[in-house]
Peer 1: 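Below you will find the structure I want to go over with you.
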Amino acid sequence: MIEFNIYSLNSSNTSSKVPCSSALCEQQKQCSSPQSNCPYEVLYLSNGTSSTGVLVEDVLHLTTDEDKTKAVEAKITFGCGQTQTGSFLNGAAPNGLFGLGMDNVSVPSILANENLASNSFSMCFGFDGVGRITFGDRGSSGQGETPFNLRQSQPTYNVSITQVNVGGNTADLDFNAIFDSGTSFTYLNDPAYTLISENFNNFAMEKRHTSNSSGLPFEYCYDLSANQTSFNYPIVNLTMKGGDYFFVNDPIIVISLQGGDVYCLGIVKSDNVNIIGQNFMTGYRIVFDRERMVLGWKASDCYDIEASNTLPVNPPTGVPPAIAVNPEATSGNANNTNISGASPSITSPSRHLKTLFYALTFALIPFFALI
């Protein structure tokens, strides 16, 4: 377990504030002079949630796959938050937000511009909760791929989905979604949300949970008996633009409520954006190739990546944050790891119970920025 501390600008002997004259300062109109500290402000979709402060430059310490005893010191720019509102005051993103977007100020962009890594990175999400991020990772042979839908105003990791398969039933459905490594669960608007959820409900074997007092953010949940130790649930698979299959290994979540355990389809109905969250990425090494402008994916347990001898990070519990992007970019309509093979079975293999004790602090908080 890695212990995190609040970043202190004054405690770091390598830090410096970014001046308004910097090319990375996007709020120059708010500066009183070129020598002033560059401010930032981000407003998020979650009601009343924002972050303001100043931009800071400091050193990010990394190691290479070739020589893990040799440190790579990379100067990166990030926001040092001074005033937070909304969900940030309720325990969301306690360790901050890690910028991985396509804008010039993000960590992958800076590493690529400084020739420290290729303009690509990967994130791996293990079934046991561990994870790994590798800068410069351009993927491997045999991985599934689909192109990014580029929008010049604010490019994001937006992809096109052409088919959905739930319980063995395939339907043609074209919609776009952002692959966001920081959002815990998947957000979909209609018609994708209704199509997937209602088909999942038709194949679910357990009784649907009907209580309205549990405060669950999920609409489709199912009761589990007191002595039940395993269960089956309908498979959920996606066909991406280009024809490669993305088999969702972990579309559900098991939650312990006061009256007993339930399992829920881990999709939240969205009013504006389609987001493929961490739960749909579980069991994959996801490659964000910004040179070829493609998303790649390949089955992985996150331990055995390119014969690496370093263990992935097991993060502390908390609400994972999400990257900040323009919501307009997405508006519009276990162990099934074969990337190009035949259709999988109707239900997943038997799922052994691994419950999550539900609390309001576990709430799904979309951190997509308005500006």
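Predicted model only: the values in this text are computed from it and were never measured. Hydrogens, waters and symmetry mates play no part in the numbers below; they use all other heavy atoms, side chains included. Residue numbers start at 1 and run along the sequence shown.
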Peer 1: Indicate if Phe148 and Val294 have the same hydrophobic cluster label, given that clusters are the connected sets of ILVMFWY residues with side-chain heavy-atom separations under 4.5 angstrom.
Peer 2: no
Peer 1: Measure the spacing between CG of Asn165 and CG of Leu173 and express it to the nearest 0.5 Å.
Peer 2: 12.5 Å
Peer 1: Would you say Asn279's side chain and Thr186's backbone share a donor-acceptor pair under 3.5 angstrom?
Peer 2: yes
Peer 1: Please give me the minimum heavy-atom distance between Phe98 and Ile133, naming the atom from each residue.
Peer 2: CE2-CD1, 4.1 Å
Peer 1: Is it true that Cys25 and Cys31 have SG atoms closer together than 2.5 Å?
Peer 2: no
Peer 1: Calculate, to the nearest 0.5 Å, the distance between atoms CG and CZ belonging to Asp250 and Phe125 respectively.
Peer 2: 12.5 Å
Peer 1: Suppose we screen for side chain to side chain donor-acceptor pair (under 3.5 Å). Which residues come up paired with Thr52, at least two apart in sequence or across chains?
Peer 2: none
Peer 1: Please list, one pair per line, the donor and acceptor atoms closer than 3.5 Å that link side chains of residues 71-78 to other protein atoms, with sequence neighbours excluded.
Peer 2:
unit_1, atom_1, unit_2, atom_2, d
Lys75, NZ, Thr14, O, 3.0

Peer 1: For Asp103, is there any backbone N or O sitting under 3.5 Å from a side-chain donor or acceptor partner on Ser106?
Peer 2: yes
Peer 1: Shortest non-hydrogen contact from Thr162 to Met240?
Peer 2: OG1-O, 3.9 Å
Peer 1: Linking I/L/V/M/F/W/Y whenever their side-chain heavy atoms sit closer than 4.5 Å, directly or via other members, would Leu150 and Tyr157 fall into one cluster?
Peer 2: yes
Peer 1: Give a yes or no answer on whether the side chain of Gln278 reaches the backbone of Ser181 with a donor-acceptor pair at less than 3.5 Å.
Peer 2: yes
Peer 1: Can you list everything that forms a side chain to side chain donor-acceptor pair (under 3.5 Å) with Ser51? Sequence neighbours excluded, please.
Peer 2: Tyr40, Gln84
Peer 1: Is there a donor-acceptor pair under 3.5 Å between the side chain of Ser12 and the backbone N or O of Leu9?
Peer 2: no
Peer 1: With a 6.0 Å cut-off on the ring centroids, do Phe179 and Tyr284 count as close?
Peer 2: no
Peer 1: With sequence neighbours excluded, tell me which residues meet side chain to side chain donor-acceptor pair (under 3.5 Å) with Glu206.
Peer 2: Gln228, Tyr263
Peer 1: Taking Asn249 for its side chain and Thr282 for its backbone only, find out whether a donor-acceptor pair lies under 3.5 Å.
Peer 2: yes
Peer 1: Would Phe135 and Met102 show up in the same hydrophobic cluster when neighbours are defined by side-chain heavy atoms closer than 4.5 Å?
Peer 2: yes
Peer 1: How would you list, by chain and number, every residue that makes a side chain to side chain contact (heavy atoms under 4.5 Å, CB included) with Asn37, sequence neighbours excluded?
Peer 2: Lys17, Val54
Peer 1: State which residues pass side chain to side chain contact (heavy atoms under 4.5 Å, CB included) with Thr194; sequence neighbours excluded, sorted by chain then number.
Peer 2: Asp190, Glu198
Peer 1: List the residues meeting side chain to side chain contact (heavy atoms under 4.5 Å, CB included) with Asn201, not counting sequence neighbours, and say none if there are none.
Peer 2: Arg208, Tyr220, Tyr222
Peer 1: Quick one about Asp180 and Tyr187 (side-chain donor to acceptor, distance below 3.5 Å, no hydrogens or angles considered), yes or no?
Peer 2: no
Peer 1: Can you name the residues that form a side chain to side chain donor-acceptor pair (under 3.5 Å) with Thr239, not counting sequence neighbours?
Peer 2: Gln163
Peer 1: Please answer: with hydrophobic residues joined when any side-chain heavy atoms are less than 4.5 Å apart, are Met281 and Leu100 in the same cluster?
Peer 2: yes
Peer 1: Does any pair with a residue in residues 217-247 pass disulfide bond (SG atoms under 2.5 Å apart), and if so which ones, sequence neighbours excluded?
Peer 2: Cys221-Cys264
Peer 1: Do any N or O atoms from the side chain of Arg132 and from the backbone of Cys124 form a donor-acceptor pair under 3.5 angstrom?
Peer 2: no
Peer 1: Shortest non-hydrogen contact from Leu188 to Tyr193?
Peer 2: O-CB, 3.4 Å
Peer 1: Mind checking whether Leu195 and Val159 sit in one hydrophobic cluster, side chains of I, L, V, M, F, W, Y counted as touching below 4.5 Å?
Peer 2: yes
Peer 1: I'd like to check the side chain to side chain contact (heavy atoms under 4.5 Å, CB included) partners of Ser120; sequence neighbours left out, ordered by chain and number.
Peer 2: Arg138, Val287, Asp289
Peer 1: Output every pair passing disulfide bond (SG atoms under 2.5 Å apart) with a member in residues 161-194, not counting sequence neighbours, ordered by first then second residue.
Peer 2: none
Peer 1: With sequence neighbours left out, which residue pairs that include part of residues 79-110 fulfil the disulfide bond (SG atoms under 2.5 Å apart) condition?
Peer 2: none
